[in-house]
Amino acid sequence: MADKVRLRIAPSPTGDPHVGTAYMALFNRAFAHHRGGKFVLRIEDTDQTRYNPSSVQEILDSLRWLGLLPDEGPGLGGDYGPYVQTERRDLYLKSAHELVERGHAYRCFCTRERLEALRQEQAARREPPRYDRHCRDLSGEEIASNLAESKPYTIRLKVPDEGHTTFRDLIRGDITFENKELQDPILLKSDGLPVYHLAVVVDDHYMEISHVVRAEEWISSTPLHVMLYRFFGWDVPLFAHMPLLRNSDRSKISKRKNNTSLKWYREQGYLPEAMINFLALMGWSMPDGSEIFGYADVEREFTFERVTTSGPVFDLVKLTSINGKYIRALSDDELFERLLPYLPEEMDKERARKVAPVLKDRLTRLGEFVELTGFFFGPVPQYPADLLVPKKGTPSDAARALEQVKGLLESLKQPWTHEDWESGMRVIADNLGLKAGDLFMILRVAVTGSKVSPPLYESMEILGRDEVLSRVDHALELARKAS
RNA sequence: GGCGCGUUCGUCUAGAGGCCCAGGACAUCUCCCUUUCAAGGAGAAGAUCAGGGGUUCGAAUCCCCUACGCGCUACCA
């Protein structure tokens with residue numbers, strides 16, 4: 001066994017970059033780098049029907065965003081390329097035929113129609129669907145004549161019908177399958193492209209992958225892979241099957257029941273470091289029990305012994321909570337910088353810079369900033385007059401209060417801070433028989449258009465005297481009309 | 001159906017025979033702080049460790065059975 005440590009992720013470019021890809025990238029990369037090895041990206045695009053051309057770039061973009069870029073891969077260089085499977089087809093073709101020559105595989109001329117009919121018969125008889133090995137023992141003449149007629153064929157593995165295959169999983173221990181349970185799977189499709197099982201083994205061998213770390217869903221096909229390694233006469237890598245991320249109903253995580261696109265998380269304003277932290281908590285834990293930690297910690301501490309065997313539910317609520325913690329840990333300047341990509345072009349950036357710190361404790365995603373701060377950047381949103389009315393009061397109470405507040409604010413010159421007007425406000429409240437809180441609430445609604453807002457003092461200071469006064473005027477008018 | 005992998009608070013998990021009548025985090029609830037909402041602080045509630053058998057002086061931890069969940073069972077990956 002080569003002493004080099006090389007790990008890989010092998011996503012299919014079939015759609016949006018998947019959260020599961022990030023999950024696997026995290027642990028593969030952390031382990032590889034922990035051991036001073038390499039982390040490789042390989043694109044498994046042998047299914048042309050599901051191929052999506054923009055996908056490779058998006059996978060790369062997402063990995064870069066998360067800080068999980070591979071050392072080798074398409075567009076990244078490396079000595080084991082090409083890193084895209086369709087560019088390696090000759091290798092699979094050659095390998096498959098090599099297996100045929102050695103008697104471990106055979107050409108299958110069965111048509112899809114025959115296979116389909118077979119499946120239906122089996123279903124009708126309530127038998128498990130499996131290939132009947134129709135072409136396994138074709139005579140030399142039959143094969144030759146089929147070939148002469150250029151009948152399309154696939155190549156199938158000749159699975160021994162005796163014995164069993166065992167492999168060691170670094171997370172789960174030894175796993176054994178009876179060979180007779182395996183069908184003769186197709187290795188090479190009739191279009192000459194390999195099926196996953198062939199491609200993954202050939203590539204992992206030639207790319208000198210030392211540890212195959214992938215999702216649990218691959219356990220069932222691992223004996224097949226092990227068989228291939230042996231038939232080829234290659235060293236078998238080490239395997240580790242990570243638990244499968246789940247929907248809340250415990251089924252395998254899916255687009256229908258979860259946001260699986262990394263693009264979505266980025267657009268929503270989840271911080272990459274929060275994403276990593278959350279993903280690392282799925283099926284793994286720090287030896288010291290800490291729950292807020294970064295990629296460097298994972299890289300330093302990762303071991304397969306600490307990986308859980310049961311599939312964790314992907315809980316957006318917890319992710320969001322972690323995200324909030326990371327946002328709060330940002331300095332004001334950092335927060336503003338991070339916010340920039342989420343702000344509309346026409347937004348006043350200097351004002352946004354002042355607003356950001358005020359929002360820090362209230363933001364759970366960067367993408368929330370705009371909706372939470374609209375009143376800072378445009379007119380107050382429409383609100384009904386009775387929003388201004390104190391709990392046990394009337395519209396005319398509100399109007400009276402606003403008149404006095406207006407007078408107070410007008411008497412102040414710029415620049416102004418809340419120290420300038422706060423005591424005056426309390427006097428007004430006293431005079432009107434209002435609680436200070438009630439009066440502040442009237443002002444809050446006048447200034448922000450809502451009973452729920454960022455802190456009043458800071459908001460007013462950012463808005464400035466003139467803007468606040470005009471909003472108070474507007475509120476006063478509203479209250480008077482309603483009186 | 002067959003095969004495989006799993007099963008500790010609602011969720012993520014700690015736990016590798018006695019430290020556990022099970023600890024932490026998120027969520028929930030209460031209180032404090034407070035001009036709202038948050039944030040922060042302090043508490044509460046929440047798991048007969050899936051169930052049943054063993055092994056052992058002693059089991060969440062080891063073994064067996066059952067149940068349940070999930071995965072695979074494609075010329076998808």
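Every chain is numbered from 1 and lettered A, B, ... according to where its sequence line falls, protein lines coming before strand lines.
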Review point. Does any nucleotide pair with B/U55 by Watson-Crick or G-U wobble geometry, both distances under 3.5 Å, and what is it?
Key: none
Practice item. For A/Arg426, check side-chain hydrogen bond (donor to acceptor under 3.5 Å, both in side chains) against everything at least two apart and list the hits. Key: A/Glu422
Revision key, fill the gap. For residues 251-263 of chain A, the salt bridge (charged side-chain N to carboxylate O under 4.0 Å, His left out) pairs (sequence neighbours left out) are A/Asp16-A/Lys263, A/Glu58-A/Lys263, A/Glu217-A/Lys252, A/Asp249-A/Lys257
Review point. B/C3 C1' sits how many Å from A/Asn179 CG, rounded?
Key: 13 Å
Review point. Heavy atoms under 4.0 Å, any strand shown: does A/Ile322 hit a base, just sugar-phosphate, or nothing?
Key: nothing
Review point. If we call it a pair only when both distances are under 3.5 Å in a Watson-Crick or G-U wobble match, what pairs with B/U30?
Key: B/A42
Exercise for review: Take A/Ser62 and A/His18 through the test side-chain hydrogen bond (donor to acceptor under 3.5 Å, both in side chains) and record every step on the way to the result.
Suggested key: CA-CA 9 Å; A/Ser62 293; A/His18 199 275; over 6 Å; no
Point to revise | salt bridge (charged side-chain N to carboxylate O under 4.0 Å, His left out) contacts touching residues 302-315 of chain A (sequence neighbours left out) | key: none
Review point. Counting only Watson-Crick or G-U wobble pairs whose two distances fall under 3.5 Å, which nucleotide matches B/G69?
Key: B/C5
Exercise for review: Examine the base of B/C37 for any acceptor or donor lying under 3.5 Å from a partner atom in the side chain of A/Ser453, and report the outcome as yes or no.
Suggested key: no
What's touching nucleotides 40-44 of chain B from the protein side, N or O pairs under 3.5 Å?
from: B/G40; atom 1: OP1; to: A/Arg328; atom 2: NH1; distance (Å): 2.9

Review point. Residues in salt bridge (Lys or Arg N to Asp or Glu O under 4.0 Å) with A/Glu467, at least two apart?
Key: A/Arg471
Review point. From B/A77, B/G24, B/U36, pick the nucleotide closest to the side chain of A/Pro455?
Key: B/U36
Review point. When A/Phe278 is tested against each of A/Tyr265, A/Phe314, A/Tyr270 for ring-ring contact (aromatic ring centres under 6.0 Å, His included), which residue passes?
Key: A/Phe314
Check your understanding: Phosphate oxygens OP1/OP2 of B/U35: is one of them under 4.0 Å from a side-chain N or O of A/Arg426?
Key -> yes
Exercise for review: Find the partner of B/U36: check Watson-Crick (N1-N3 plus N6-O4 or O6-N4) and G-U wobble (N1-O2, O6-N3) distances, both under 3.5 Å, and reply none if neither fits.
Suggested key: none
Practice item. Indicate whether OP1 or OP2 belonging to B/A74 is found under 4.0 Å from a side-chain N or O atom of A/Arg130. Key: no
Review point. Is there any side-chain hydrogen bond (donor to acceptor under 3.5 Å, both in side chains) pair reaching into residues 439-452 of chain A, and which pairs are they, with sequence neighbours excluded?
Key: A/Arg444-A/Ser453
Point to revise | Partner residues of A/Gln268 under the side-chain hydrogen bond (donor to acceptor under 3.5 Å, both in side chains) criterion, sequence neighbours left out | key: A/Arg365
**Study point:** For A/Arg250, all residues meeting salt bridge (Lys or Arg N to Asp or Glu O under 4.0 Å), sequence neighbours excluded
**Key:** none
Point to revise | Salt-bridge criterion met for A/Arg362 and A/Glu371 (N-O under 4.0 Å) | key: no
Check your understanding: B/G10 C1' sits how many Å from A/Arg246 CZ, rounded?
Key -> 17 Å
Check your understanding: Are any of A/Lys189's side-chain N or O atoms less than 4.0 Å away from OP1 or OP2 of B/A77?
Key -> yes
Practice item. Indicate, with a heavy-atom threshold strictly under 4.0 Å, whether A/Phe177 touches base, sugar-phosphate, or nothing. Key: sugar-phosphate
Do any N or O atoms of the protein come closer than 3.5 Å to N or O atoms of nucleotides 30-34 of chain B, and which pairs are they?
none

Point to revise | Euclidean distance, atom NZ of residue A/Lys318 to atom P of B/U28 [Å, nearest integer] | key: 14 Å
Practice item. Please state how far atom CD in A/Glu458 lies from atom P in B/A38, giving the value in whole angstrom units. Key: 17 Å
Point to revise | Ring center gap for A/Tyr342 and A/Phe369 short of 6.0 angstrom | key: no
**Study point:** Nearest to side-chain heavy atoms of A/Arg112, which nucleotide of B/G4, B/U11, B/C75
**Key:** B/C75
Review point. Considering only heavy atoms, which members of residues 40-50 of chain A lie under 4.0 Å from some atom of RNA chain B?
Key: A/Glu44, A/Thr46, A/Asp47, A/Arg50
Check your understanding: Would you say the side chain of A/Arg362 and the base of B/C37 hold a donor-acceptor pair, judged only by whether the two atoms sit under 3.5 Å apart?
Key -> yes
Practice item. Report the distance from atom CZ of A/Arg400 to atom CG of A/Leu434, rounding to the nearest 0.5 Å. Key: 9.0 Å
Exercise for review: Could you let me know what B/A25 is paired to, Watson-Crick or G-U wobble, both distances under 3.5 Å, or none if it's on its own?
Suggested key: B/U11
Review point. Quick one: is the NZ or CZ of A/Arg156 closer than 6.0 Å to the six-membered ring centre of A/Tyr131, and within 45° of its axis?
Key: yes
Review point. Can you tell me how far P of B/A77 sits from CD1 of A/Ile59, to the nearest Å?
Key: 15 Å
Exercise for review: Compute the ring centroids of A/Trp218 and A/Tyr196, then answer whether they are less than 6.0 Å apart.
Suggested key: yes
Check your understanding: Is a side-chain donor or acceptor of A/Glu121 paired with a backbone partner of A/Leu118 at a separation under 3.5 angstrom?
Key -> no
Practice item. Between A/Val195 and A/Thr308, just flag the one whose closest nucleotide in RNA chain B comes earlier from the 5' side. Key: A/Thr308
Revision key, fill the gap. In whole angstroms, the gap separating C1' of B/C76 from CG of A/Leu188 amounts to 15 Å
Check your understanding: Where along residues 211-220 of chain A does a heavy atom fall under 4.0 Å from RNA chain B?
Key -> A/Glu216, A/Glu217, A/Trp218, A/Ile219, A/Ser220
Exercise for review: Sort out the partner of B/A47 for me: Watson-Crick or G-U wobble, both distances under 3.5 Å, none otherwise.
Suggested key: none
Check your understanding: Phosphate oxygens OP1/OP2 of B/G15: is one of them under 4.0 Å from a side-chain N or O of A/Arg306?
Key -> yes
Point to revise | Under 3.5 Å side-chain donor-acceptor pair for A/Thr86 and A/Asp45 | key: yes
Review point. Which is true for A/Ser321 with a 4.0 Å heavy-atom rule: it touches a base, it touches only sugar-phosphate, or it touches nothing?
Key: sugar-phosphate
Revision key, fill the gap. Of A/Val313 and A/Thr176, the one whose nearest nucleotide on RNA chain B sits closer to the 5' end is A/Thr176
Exercise for review: May I have the distance from A/Leu118 (atom CG) to B/U73 (atom C1'), rounded to whole angstrom?
Suggested key: 14 Å
Check your understanding: Counting any heavy atom closer than 4.0 Å, what does A/Phe278 reach on the DNA or RNA strands: base, sugar-phosphate only, or nothing?
Key -> nothing
Review point. Touch check for A/Lys451, heavy atoms < 4.0 angstrom, all strands: base, sugar-phosphate only, or nothing?
Key: base
Practice item. Not counting sequence neighbours, list each pair that qualifies as a salt bridge (charged side-chain N to carboxylate O under 4.0 Å, His left out) and has a residue in residues 176-190 of chain A. Key: A/Arg133-A/Asp184, A/Arg136-A/Asp184
Check your understanding: Just to confirm, is there a sub-4.0 Å distance from OP1 or OP2 of B/A14 to any side-chain nitrogen or oxygen of A/Ser285?
Key -> yes
